[in-house]
J.: 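Just passing along the structure, written as structure tokens.
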Amino acid sequence: MSICGPFPIPGGSARVLSLAELRKIPAWTEAFRRQVKDHRFYEIVEETIAGFEHHYVILEDAAGTVRGIQPIFFVQQNLVEGIPALRTAVDFVRRRFPRFLTMRVLMVGCAAGEGHLGVCQPGDEEWVAIALYAALEIYARQSKATLIVFKDFSARYRETLERFTANRYTRIPSMPMTRLALTHQSFDAYLQTLGKATRKNLRRKFRKAETAPPLTLEVVSDVSPWVDEIYPLYLQVQARSPMKFEMLTKDYFRALGQRLPERTRFFLWRQEGRIVAFSLCLVHNGTIYDDYLGLDYRVALDLHLYFQSFRDILQWSFAHGIENYHSSPLNYEPKLRLGCSLLPLDLYVHATSKLLNLFFPPVLQLLEPTRHDRILCQFANHRDLHG
């Protein structure tokens, strides 16, 4: 049974389904087949990460052919998440009024990663965008959402999503990913492309780390046997993050290796038999995506584990013919020194209330998160964030 619909949209109809109903639709396996995070990943996110209400918009043409399947989810969004200066004052008010400066938001995309249009066949992006625009207008009002937000959509969608920005959606930059082209034969060759001061600093860090008991590296797809060891390391890094959205679970880490084994790689670093760092990466079509890092801060700073993990992942990538390294948002200062460029991600925001939508766009320019990170403007392609 549909959660909502069917209801008419230009050139067809739309329905909103639960995951249980969605699995009965053969086109579901096609919607994200060309992405690193395919339909299996969306199922894992719904089943293992709490705090979100997931649904799926099915877009059919007049002949009844499913041409798009778009994951959506509801969240009570913190409007000042990207503004550290306001957090203390807002947290004080929330002790009495828990939902102060929060809104019920209908989000389009993925709760644990960048967003994509769920197109079942290549070339249908424009049709899906037009259909989705109409479907969201109807469903957001019925579900009493205050905002519609396209979460972390790549800049390559800007032309496709022009219909939204031309019709009362405001596009603002989200915290970007970063990219490094792996055109070198080895890590040492890559080092030669960096500035003299950075090369000297990295070599000093590596020499210092060599005076401690040595690290060993193991790369696995299924981390289930060690999930109780790595999960506290993830929590340590998560606790230090200035911006938080999703909270991963042990089941999430287990499910990735078991259900996406050909794409999942866990890098595990041990010292004297104890795991002191891990990195969760996904590999697809010549690109490695470095998504989550876990560190044991009892030794992480002395051993410079961040830089050792980066070196080892690049060395593994060179050995396996990987052409590009992508890393998740935040922690931009070392990525700048390591020669990375920005991969812009966008938020498309629309207030369902006509009155709110009159003054909300300029407020968004103040709330957008990148304006509060001083490192971003030092990247050579920082202007790409705003297009």
Side-chain angles (χ1 to χ4, degrees), residues 19 22-23 25 27-52 54-58 68-73 75 107-122 124-125 128 132 149-157 160-161 174-179 220-223 234 245-267 278-293 313 317 322-330 343-348:
L19 179 57
L22 177 66
R23 283 175 166 149
I25 298 178
W28 171 225
T29 62
E30 296 296 318
F32 296 95
R33 186 169 56 85
R34 289 162 289 278
Q35 308 299 336
V36 60
K37 296 176 177 177
D38 64 13
H39 74 284
R40 296 170 294 174
F41 184 84
Y42 286 85
E43 294 180 5
I44 290 170
V45 168
E46 174 166 352
E47 293 168 351
T48 65
I49 301 178
F52 307 107
H54 295 271
H55 302 302
Y56 303 83
V57 181
I58 313 301
I69 300 176
Q70 189 63 53
I72 60 174
F73 59 97
V75 64
M107 288 200 161
V108 182
C110 183
E114 64 178 306
H116 292 280
L117 290 179
V119 178
C120 296
Q121 295 295 329
D124 262 1
E125 284 83 2
V128 168
L132 188 60
V149 177
F150 281 66
K151 175 184 173 289
D152 295 344
F153 272 66
S154 167
R156 71 180 181 83
Y157 284 108
T160 303
L161 297 179
S174 184
M175 302 306 283
M177 298 169 62
T178 59
R179 174 183 179 271
V220 301
S221 292
D222 186 357
V223 80
Y234 160 73
F245 189 75
E246 76 280 8
M247 176 64 75
L248 305 183
T249 64
K250 292 181 182 180
D251 286 340
Y252 174 86
F253 291 119
R254 291 190 189 99
L256 278 181
Q258 293 169 357
R259 295 161 65 176
L260 281 80
E262 79 283 7
R263 301 185 184 186
T264 303
R265 299 293 182 271
F266 285 93
F267 291 74
F278 83 92
S279 184
L280 165 57
C281 298
L282 298 177
V283 179
H284 182 59
N285 283 352
T287 298
I288 187 167
Y289 300 82
D290 193 354
D291 274 2
Y292 294 98
L293 179 68
I313 291 172
S317 299
I322 303 298
E323 300 174 350
N324 289 286
Y325 168 86
H326 289 189
S327 65
S328 55
L330 303 180
L343 273 176
L345 299 175
D346 296 325
L347 303 170
Y348 294 80

J.: What I want to find out is whether R156 reaches E125 closely enough, with some N-O distance under 4.0 Å, to be called a salt bridge.
T.: no
J.: To the closest 0.5 Å, what do you measure between CD1 (I72) and NE2 (H54)?
T.: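 Those atoms lie 11.0 Å apart.
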J.: Mind checking the CD1-OH spacing from I69 to Y56? Nearest 0.5 Å is all I need.
T.: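 Between I69 CD1 and Y56 OH, I get 10.5 Å after rounding to 0.5 Å.
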J.: Output yes when a side-chain donor or acceptor of R179 lies under 3.5 Å from a complementary backbone atom of N324, and no otherwise.
T.: no
J.: Evaluate whether atom CD of E43 has more than 12 neighbouring non-hydrogen atoms of other residues, nucleotides or ligands under 6.0 angstrom away.
T.: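 Yes.
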J.: Give a yes/no verdict on a cation-pi contact between K151 and F73, requiring under 6.0 Å between NZ or CZ and the six-membered ring centre and an angle within 45° of the axis.
T.: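 Cation-pi check for K151 and F73: fails.
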J.: In the structure I gave you, are the side-chain heavy atoms of L280 and T264 within less than 4.5 Å of one another anywhere?
T.: yes
J.: How long is the straight-line distance from NE2 of H116 back to CG of D38, given to the nearest 0.5 Å?
T.: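 Spacing of CG (D38) from NE2 (H116) equals 11.5 Å.
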J.: Could you walk me through whether D346 and F150 pass the side-chain contact (heavy atoms from CB on, under 4.5 Å) test, one step at a time?
T.: CA-CA 8 Å; D346 296 325; F150 281 66; over 6 Å; no
J.: E114 side chain to D152 main-chain N or O, any donor-acceptor pair under 3.5 Å?
T.: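 Side chain of E114 to backbone of D152, a donor-acceptor pair under 3.5 Å: no, none is there.
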J.: Between A112 and I49, which heavy-atom pair has the shortest distance, and what is it?
T.: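 So the minimum-distance heavy-atom pair works out to CB-CD1, 4.1 Å.
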J.: Any sub-3.5 Å donor-acceptor pair from Y289's side-chain atoms to V36's backbone N or O?
T.: no
J.: If I take atom OH from residue Y234 and atom CG from residue L248, how far apart are they, to the nearest 0.5 angstrom?
T.: 3.5 Å
J.: Would you call R33-E30 a salt bridge at under 4.0 Å N-O?
T.: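 Judged by the 4.0 Å cut-off on N to carboxylate O distance, R33 and E30 do form a salt bridge.
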J.: Nearest 0.5 angstrom please: Q70 CD to I58 CD1, how far?
T.: 10.0 Å
J.: With side-chain contact (heavy atoms from CB on, under 4.5 Å) as the criterion, how do M175 and L330 come out once you've worked through the C-alpha distance, each side chain's angles and the decisive distance to 0.1 Å?
T.: CA-CA 7 Å; M175 302 306 283; L330 303 180; 3.9 Å; yes
J.: Using a 4.5 Å cut-off on heavy atoms from C-beta on, say whether the side chain of E47 contacts that of L19.
T.: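 Side-chain contact under 4.5 Å: yes.
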J.: Run the ring-ring contact (aromatic ring centres under 6.0 Å, His included) check on F41 and F32 step by step: do they pass?
T.: CA-CA 9 Å; F41 184 84; F32 296 95; over 10 Å; no
J.: Indicate the ring-plane relationship of Y252 and Y292, choosing parallel, tilted or perpendicular according to the 30° and 60° boundaries.
T.: perpendicular
J.: Quiz question: by atom type and distance under 3.5 Å, do the side chains of D290 and Y325 form a donor-acceptor pair?
T.: yes
J.: Closest approach of P261 and S221, non-hydrogen atoms and distance?
T.: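 Where P261 meets S221 most closely, the heavy atoms are O-OG, 3.2 Å.
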J.: Please find the pair of heavy atoms, one from T48 and one from T249, that lie closest to each other, and give the distance.
T.: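 Minimum heavy-atom contact is O-OG1, 2.7 Å.
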J.: Under the 3.5 angstrom rule, does the side chain of Y157 hit a backbone N or O of L117 as a donor-acceptor pair?
T.: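 Yes, because the side chain of Y157 sits within donor-acceptor range (under 3.5 Å) of the backbone of L117.
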J.: Please report the shortest heavy-atom distance between F153 and Y348, naming the atom on each side.
T.: CB-CE1, 4.3 Å
J.: For the atom pair CD (E323) and CG (N285), what is the distance rounded to the nearest 0.5 Å?
T.: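 Taking CD in E323 and CG in N285, the distance rounds to 9.5 Å.
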J.: Check E46 with R23, please: is the shortest side-chain N to carboxylate O separation under 4.0 Å?
T.: no
J.: Checking K37 side chain against L282 main chain: does a donor-acceptor pair fall under 3.5 Å?
T.: no
J.: Looking only at non-hydrogen atoms, find the nearest pair between G51 and V75 and report the distance.
T.: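 Here G51 and V75 meet closest at O-CG2, 4.3 Å.
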J.: Please lay out, stage by stage, how Y42 and Q35 fare under the test side-chain contact (heavy atoms from CB on, under 4.5 Å).
T.: CA-CA 11 Å; Y42 286 85; Q35 308 299 336; over 6 Å; no
J.: Which pair of non-hydrogen atoms, one from L343 and one from T178, has the smallest distance, and what is that distance?
T.: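 Between these two residues, the closest heavy atoms are CD1-O, 4.0 Å.
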